[in-house]
Amino acid sequence: MSQNGKPKVAFFDFTSCEGCQLTVVDSLQDHPDLLAAVEIVQFREAMSEKGEDYLVAFIEGSCTRESDEARLKKIREQASIVVALGSCAHLGGVNSLKYLHPLDEVRRYVYGDQADWYDTYDVRPIEAVIPVDFVIPGCPIDRQEFISAVKALLLGKKPFIPDYPLCVECKLKENTCLFTRGKVCMGPVTRAGCDAICPTYGQSCEACRGFISNPNETAMRDVLTKHGLTVEGLTSMYTMFTTYQVRETLLQRKNANE
Amino acid sequence: MNKRIDVHHVTRVEGHGNIVVEIEDGRIKECRLDVVETPRFFEAMLRGRPYQEASHITSRICGICATGHATASLRASEKALSVEPSEQTQLLRKLTFHGEILDSHVLHAYMLVAPDFLGVGSVIPLATSHPEVVLRALRMKKLAGDICAVVTGRHTHPIAMCVGGFTHFPKPAELENLHQRLVAARADVDETVALFATLHWPQFERDTEYVSLTKPDEYAFIDGEIITSDGARLPAEAYRQVTNEHLVTHSSAKHTRHLRQSYMVGALARFNNNYPQLHPRAKEAAATLGLKPKVTNPYLNSAAQVVEIVHCVEDAIAIIDRLLERGITSEQPAPVKAIPGEGVGVCEVPRGLLIHHYWIGEDGNMTGADCVIPTNQNLANLEADMLALTPLIAEKPIKTMQLDLEMLVRAYDPCISCSVHVLEVEPK
Amino acid sequence: MTDELQIFLPEMARIAQIEQLTALEKLFTIELPAGRSLDHRPGQFVEVSFLGIGEAPISISSSPSRSNGTFELCVRKAGDVTGALHRLMPGDRIGIRGPFGHGFPIEHFRGKDMLFAPGGLGLAPARSLINQVLDERAQFGRVIILYGARTPSELLFKDELKRWGERNDVELYLTVDRGDETWDGHIGVITTLFKDISINPRNTVAVTVGPPVMYRFVLMELLGKGIPEGNIWLSLERRMKCGVGKCGHCQINNIYTCQSGPVFSYRDIKGLEEAL
Amino acid sequence: MSLTILQKSELSDFIHRLMPHYRVVGPVESNGGYAFDEIADPDALRLDYPTTILPPKKYLLPPRETLFKFDRTNGGYLEPAPQDRPTVIFGVHTCDLHAIQLLDAVFSTGFPDPHYLERRNRTLIVGIECLRPCDEHSFCKSMGTLTAEEGYDLHLIDLGDAYAVDIGTSEGHDLLGLYASTTPAKPGEMQRLNAVISEKWPKFPYRLEFDVSDLPSLLSLSAKSPLWAELGERCLACAACTNVCPTCFCFDVKDEIELDLRRGERVRIWDSCQLDEFATVAGGHNFRKSRALRQRHRFMRKGKYILEAHKHLGCVGCGRCARACLVDITPVGVFNELYRQQEAGSTL
Ligand SMILES: Cc1cc2nc3c(=O)[nH]c(=O)nc-3n(C[C@H](O)[C@H](O)[C@H](O)COP(=O)(O)OP(=O)(O)OC[C@H]3O[C@@H](n4cnc5c(N)ncnc54)[C@H](O)[C@@H]3O)c2cc1C
Ligand code: SF4
Ligand code: SF4
Ligand code: SF4
């Protein structure tokens, strides 16, 4: 807490497009009072001042090399609350496409088998390195959700991040389902919270917010294949942002079977 | 005299870069901008993915010029697949592109550059000392973002753009609303020009080669030929003759050079090369700001951005007029006429010339990609400027030197996360 | 919209007193504005608001016979609302709606032996009825209380338990799942207490309140002792968002727990597919 | 029932005259389909629409609605929710009319819900008679909702170039009297009306294989059917079915607050029994953990529980959930399958 009673927050970036930080800046357009509610002590993209004393750390970007780990751990030591900001930090995100050669494995994920993964320093979400208290998902994050999360933290409650499928929001938007428009969509297994913005603008959901915690994978696979998706198509749908999750799930299944 | 400047992670720029300047016995030993951003292998990531995904993946190269990357990507795919977008598609793309240029320039000019001139470390203290300035910036940024949102769903990582067209169309009422707001924003634009006309730009001149796209009848942002201030003019497809990308040891980003050791892209290059095509009001603004081609002070890149803010607002108004006049139809994307194929898409994103070069296989999957990013093209020139500037300021206190150098780096508006795309994948 | 019609608008009440009962539970004494009495029945609950965070259903833990213009809520820190309540101080204000639900039909219990078998936090609502019964002691037969918690430190209302234990007209049996050095009493889950008591099943009303997992086992004991299904009473927990039979969260088959319950006789719910 | 005639050419004027006084909503083209939306231009109204994704319920029980506003600094000053403008809903199909009657019952029994009822009292409903099935998913005829005796202020029947207007309430009568120019029905128009109505019925198929009055008992007998488990395997728990349902009314209640942490409001938002957390309580216990149990709950509610609690069936046969479900879980399919299972079981 700073002297004026405002909690000190800092923003950090790792491997990312910095679009989530930009979204934070954008959120000021509708919520200039954010600056009155918190004291920002570090935000490299937008300011030169640097404070090392902060309560909440918002971290953007994935961990992509060993040297990132030390920096992450330092942040974790200082911050009481660590929030992963956006898909790269939350899931590994689009960065994890970098290692996407083993399409076979993803295929096996989708088809429920186990797989062998090679071991390498891979792109990883920050939660794979340090404990994360909260996540604000999305590529990029949703402005409104960011502001709501800040308010929740200020109030001392957990930020509300939905754990139900995107279709919930998509229906309320009264979108004609993409599946009936001859496209396919990850909505039924993807975490809602973006107000189904992609289907609303006519594009398939690519699961940038990650999967819900209890997806019906089998039913989803049946739906996708029924709508003409080939194995390659399926693979590509499942890996845009979630390569890391798919791998992890597979590894867990493999270990569980051993 | 010994001096060492080491700015570890220049702030208020996009991405991570360090300034290292070392002066030993009055001799410049080191003078460089290290790009320490993690390589992101975007070109490798594209390989094997369906071409429809390419623009979604490449927009994630950079949150600030996401629309620019998406547009260049779509143009590359369209060229590769002989897709001819409709007039409506072209107008909508230009409109959202203006939104992004405005957003980026306002962000850069007001939030990243202005604090240096007003003697503060960021925009946050400005909120108390110059609230009207900050509110104006936020207002203009919001309008810019809303232009993108109306056309493509959102600015960062646009949604509704696809190969051949759009998957969602703005309603006339939404466009009318934007039109009104743009007209009303002229007041803010005038204030902006007035504000930047009062700034004391550092005096530093160094002529270089200025490279940009050009089109005969409009100030080129999407498509066009590549033109340079040294007189070269060539089709986009021949971009490699200009860019000559090469790796340097201290940077995870590639550098480029053309006729000289280095060249400059961005608002200043566009201004120098395409001044005649600027909107008359933008030319007036240039006069107010004291700009006349050819401008060779790199610090004035920020002033050229202000000129472009004027141009984009005016051109956006004209585009909306045109769209409303012809009506918006929910048309299907233009069809793919040939597959496989190879294509080059070029745009002038906020920071300069952006090139996406794609190879698409028979199955519709990407077999190769090459992206040339404006910041990479600028890095060599920026270092050349640093090298030329350092002796001129070597007598100043180290803090001032450091600030001058940082301001120079910021003037280029470098987008370092864009610049690191080391791995190139050519079709086998 | 007149205020009487407002079913979602809480009344701002004052916290008169807060007592820390265990590490996780606090007892709040609440005063309604203008000294108004809550007029509740044992077994009813209120919806407690922390404005800005939300609402949570909480059983009224005090008995109407001891109202004094205040009532008590025993709150376990379980999440956002309850966590926020735990950060409050005496004098702070909270929103109250209710009382909601049917309480225990105490008029049907008079003249009967009362067997209470609350588990854990279940003592909070049970206490309201127990104290009512004790305040009208002459109107009831035996009063037997079997109470279990996971550990000695999790036992609620220890002073009150002590007082009950000291009365010769109350038969109190305590147990903990896991003992410690402070504990020389019975160890075992609550059902292990049943073998020690003998009752007249025809004249006994049993009241059990506890976590969902407990009911199946306690019911087996109670039915095993021959208590008629209509004389076994329990209080069901469900997620609740309105308390007024609209939001659907507490629905068990065709009934709304908040309206038809939360107190039910076993006879009423045993036919409901999802009740237990 | 009293009848008058409104020429189609007069409809636009009628709506224009309503607009200063009411929010006028009705079906319009949207997103390649149809949706109820506010009418800015009467010509956009599509009274011959087949169906919409969301039912007109959204104007009576909005997806998000303020219950009250508060200010925490001011001793928790509470302020009741603002009111919507009075509304006229055009083009409500008979299935939706039945659904609204159910909602009326739900929100007026027990504790009457002032938010719903206020809005309902300020809403006038103009129904439209369905002359052909929306599509292959509707099963209104089986559910007995292909006609509505009440539940509307005005009801329109398309006679070709005019609507026969059936006046259901005195408010409807006044609305027509004040804002529309109508003519009394002539004998020829009465004949056309009769013809239109009698021609429509054969166009609608019965889709349940049993009489709907047997549905509650069929469900009672089916609590242990293996079908629920099978539905649980298939269901995505996406809540599309309940979100588009005209009779679903479950909601969640949340607080929203401004950045100053002082002013805020309590809102209710649609919730769904198909979602994982719907019946989860503190401590993590979920009373309907499996998708199978949740599906069973859904269909039991539609065909039995709601009827027991509110005297109306919880399903009106609109077919919206069937259209919305990606894994083809449909009431007709489920009810018929249960029926077949029962038949097979009872003849064993
Ligand atoms: C009739 C009744 C009487 C109760 N009496 C008491 C009592 O006397 N003392 C006491 O401490 N607790 C009591 N509870 C439980 C108490 O309501 C929950 O612990 C509380 O709602 C959790 O809210 P929260 O905001 O603190 O937790 P949250 O942060 O909202 O959530 C924590 C968990 O609680 C669940 N939950 C959320 N809302 C509810 C809800 N309305 N009901 C149940 N679970 C919910 C969530 O699924 C989540 O898993 C009672 C519950 C009911 C239904
Ligand atoms: S478009 Fe996608 S998110 Fe929307 S309903 Fe269909 S599957 Fe769900
Ligand atoms: S619709 Fe899907 S891809 Fe789009 S923002 Fe939402 S979660 Fe991300
Ligand atoms: S719409 Fe279908 S898949 Fe979704 S919850 Fe309903 S039954 Fe399940």
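To find a chain, count down the sequence lines: A is the first, B the second, and so on, and within it residues start at 1. None of the values given here were measured: they were computed from a predicted structure.
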Q.
As an exercise: rank D:Leu307, D:Leu261, D:Asp271, D:Ile306 by heavy-atom pairs under 4.5 Å with chain C and give me the winner.
A. D:Asp271

Q.
Heavy-atom cut-off 4.5 Å, strictly under: side chain, backbone, both or neither for C:Pro10 against chain D?
A. both

Q | Under 4.5 Å from a heavy atom of chain D, the part of C:Leu51 involved | A | both

(Q) So if I take each residue of residues 78-98 of chain C and look for any heavy atom under 4.5 Å from a heavy atom in chain D, which residues do I end up with? (A) C:Ala78, C:Arg93

Q: With a 4.5 Å heavy-atom cut-off (strictly below), which parts of residues 242-276 of chain C touch chain D? List them by number.
A: C:Cys242, C:Val244, C:Lys246, C:Cys247, C:Gly248, C:His249, C:Gln251, C:Asn253, C:Asn254, C:Tyr256, C:Gln259, C:Glu273, C:Glu274

Q. Which residues in residues 215-233 of chain D have any heavy atom lying under 4.5 Å from a heavy atom of chain C?
A. D:Ala223, D:Lys224

Q: Pull out the residues in residues 244-255 of chain D that come under 4.5 Å of chain C, heavy atom to heavy atom, sorted by number.
A: D:Phe249, D:Cys250, D:Phe251, D:Asp252, D:Val253, D:Asp255

Is there a donor-acceptor contact under 3.5 Å from the side chain of [X] to the main chain of [Y]?
{"X": "D:Arg64", "Y": "D:Ile269", "value": "no"}
{"X": "C:Thr175", "Y": "C:Gly188", "value": "yes"}
{"X": "D:Asp84", "Y": "D:Arg119", "value": "no"}
{"X": "D:Thr145", "Y": "D:Cys95", "value": "no"}

Q.
Can you give me the closest heavy-atom contact between D:Thr242 and D:Lys57, atom names plus distance?
A. O-NZ, 4.3 Å

Quick one: what part of [X] sits under 4.5 Å from any heavy atom of chain C, side chain, backbone, both or neither?
{"X": "D:Arg263", "result": "neither"}
{"X": "D:Phe107", "result": "both"}
{"X": "D:Arg262", "result": "neither"}

Q | Donor-acceptor pair between C:Ser49 and D:Arg266 side chains, under 3.5 angstrom | A | yes

**Q.** D:Thr280 and D:Glu277 side chains, donor-acceptor separation under 3.5 Å
**A.** no

Q: Please confirm whether C:Arg238 makes a cation-pi placement over D:Phe287, using NZ or CZ under 6.0 Å from the six-membered ring centre and within 45° of the ring normal.
A: yes

Q.
Can you confirm if the NZ or CZ of D:Arg294 lies within 45° of the ring axis of D:Phe278 and under 6.0 Å from the centre of its six-membered ring?
A. no

Q: Among C:Glu47, C:Arg41, C:Gln44, find the residue that satisfies the side chain to side chain contact (heavy atoms under 4.5 Å, CB included) test when tested with C:Pro99.
A: C:Gln44

(Q) So that I know where these two stand, are C:Tyr147 and C:Phe116 an aromatic pair - ring centroids less than 6.0 Å apart? (A) no

